[in-house]
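Read through the structure below, which is laid out as structure tokens, and then see the notes.
Within every chain, numbering begins at 1; the chains are lettered A, B, ... in the order of the sequence lines, protein sequences first and strands thereafter.
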Protein chains: 2
Amino acid sequence: MIDWAPDETVWEQMYDILRKRIETGEYKARNPIPSITHLEQEFGVARGTVRKVLGKLKDEGYLRAISGKGTFVLPRHERLRRLEEGDA
Amino acid sequence: MIDWAPDETVWEQMYDILRKRIETGEYKARNPIPSITHLEQEFGVARGTVRKVLGKLKDEGYLRAISGKGTFVLPRHERLRRLEEGDA
DNA sequence: TAAGATTTGTTCGTATGTATA
DNA sequence: ATATACATACGAACAAATCTT
């Protein structure tokens, strides 16, 4: 999945993949996505790299992380509301 | 006990110490070892570090954890059987 | 039945150090 | 120098299983 002779960096490729999974509904609204540890293993990358990708998706309103519980997909209307209000 | 100017990492040093305690019988077969919380305090390390070490010892058949009860030392013959059967 | 304590299990959050390009 | 990416290690919150009172 990740291309190690890249034009794009590893984190950018992973970002594209996860955003697609959200937008296509593979990761369903209101549900948790796989844990950081799970994503580390699936993609074969380091924790910091996963966090960088999830951080960007959170900034853009796709996800919300809850400590000790998981990282959840926001429904589209919530995402848009958050972006307007700027409370990323 | 743990050396903080290490060649070995903290978790590797802790792994060596615990494995020795099992092999010398300081932690007796069929008995529970100290709890994760206790080991955190004894070694002055974080929960994640303890769990990493115990996870390795479980993979190698030295220990078996039972949720809500404790982590138990497997007798040698059980350990060897488990390793042969590959049921971690 | 219920409540609390203990223990293992899981998750996110954060920081530091190293290597590479 | 900066950005990328890795590994290690810390802390904290939450959950589930078990046992006792």
Side-chain angles (χ1 to χ4, degrees), chain A residues 1-18 21-22 27-28 30-74 82 87-88, chain B residues 1-18 21-22 27-28 30-74 82 87-88:
Chain A
M1 233 150 202
I2 299 286
D3 175 12
W4 267 274
D7 295 339
E8 275 186 316
T9 62
V10 170
W11 77 262
E12 284 169 329
Q13 294 177 59
M14 187 173 178
Y15 167 82
D16 290 337
I17 292 169
L18 291 190
R21 288 183 184 177
I22 295 167
Y27 291 160
K28 292 189 179 57
R30 286 179 238 281
N31 282 57
I33 68 170
S35 72
I36 294 176
T37 302
H38 184 278
L39 292 171
E40 283 179 45
Q41 293 167 349
E42 179 187 346
F43 287 88
V45 300
R47 186 178 185 75
T49 304
V50 178
R51 285 188 49 76
K52 180 163 191 168
V53 171
L54 297 189
K56 191 163 162 61
L57 290 167
K58 281 183 268 186
D59 287 346
E60 294 171 344
Y62 287 104
L63 300 174
R64 183 173 50 162
I66 302 179
S67 186
K69 296 195 67 175
T71 302
F72 297 83
V73 177
L74 291 177
R82 278 172 170 273
D87 49 330
Chain B
M1 232 144 203
I2 300 286
D3 176 11
W4 268 275
D7 294 340
E8 275 187 315
T9 62
V10 170
W11 77 263
E12 285 170 328
Q13 295 177 60
M14 187 172 177
Y15 167 80
D16 290 337
I17 292 169
L18 291 191
R21 288 183 184 176
I22 295 168
Y27 291 160
K28 293 189 176 59
R30 286 179 238 279
N31 283 57
I33 67 170
S35 72
I36 294 176
T37 303
H38 181 113
L39 291 171
E40 283 179 46
Q41 292 167 348
E42 179 189 346
F43 287 88
V45 300
R47 186 180 186 74
T49 304
V50 177
R51 285 187 52 75
K52 180 164 191 167
V53 171
L54 298 188
K56 192 164 163 59
L57 290 167
K58 281 182 269 186
D59 287 345
E60 294 171 345
Y62 287 103
L63 300 174
R64 184 172 49 162
I66 301 178
S67 185
K69 296 193 67 173
T71 302
F72 296 83
V73 178
L74 290 177
R82 279 172 170 273
D87 49 331

Tell me every residue that passes salt bridge (Lys or Arg N to Asp or Glu O under 4.0 Å) with [X], counting only those two or more places apart in sequence or in another chain.
X     : answer
A:R47 : A:E40
B:K52 : none
B:E60 : B:K56

Letter by letter from the 5' end, nucleotides 15-21 of chain D scores (B base, S sugar-phosphate only, - none; protein heavy atoms under 4.0 Å) S-BSS--
Can you measure [X] atom [atom1] to [N] atom [atom2] for me and round it to whole angstrom units?
X     : N      : atom1 : atom2 : result
B:L39 : D:dC10 : CG    : P     : 13 Å
A:K56 : D:dA5  : NZ    : P     : 14 Å
A:W11 : D:dT2  : CH2   : P     : 18 Å
B:M14 : D:dC10 : CE    : C1'   : 14 Å
A:E8  : D:dA5  : CD    : P     : 10 Å
A:Y15 : D:dT4  : OH    : P     : 15 Å

Write down the atom of [X], the atom of [Y], and the distance for their closest heavy-atom approach.
X     : Y     : answer
B:W11 : B:V53 : O-CG2, 3.4 Å
B:R30 : B:F72 : O-CD2, 3.7 Å
A:E8  : A:Q13 : O-NE2, 3.1 Å

Sugar-phosphate, base or nothing in reach of A:G70, heavy atoms under 4.0 Å
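Sugar-phosphate, backbone atoms only, no base.
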Side-chain N,O (A:T49) to OP1/OP2 (D:dT4) below 4.0 Å
no
Taking only side-chain N and O atoms of B:K52, does any of them lie within less than 4.0 angstrom of OP1 or OP2 on D:dA9?
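No, B:K52 has no side-chain N/O under 4.0 Å of OP1/OP2 on D:dA9.
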Could I get the full list of side chain to side chain donor-acceptor pair (under 3.5 Å) partners for B:Q41, not counting sequence neighbours?
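For B:Q41 there are no side chain to side chain donor-acceptor pair (under 3.5 Å) partners, ignoring immediate neighbours.
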Answer whether the closest heavy-atom distance between the side chains of B:L63 and B:I22 falls below 4.5 Å.
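A side-chain contact exists here, since the closest heavy-atom pair is under 4.5 Å.
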Using chain B heavy atoms and a threshold of under 4.0 Å, write down where along DNA chain C the contacts begin and end, 5' to 3'.
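Nucleotide range with atoms under 4.0 Å of chain B: C:dT7 to C:dT10.
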What distance separates A:L18 CG from A:T71 OG1, expressed to the nearest 0.5 Å?
10.5 Å
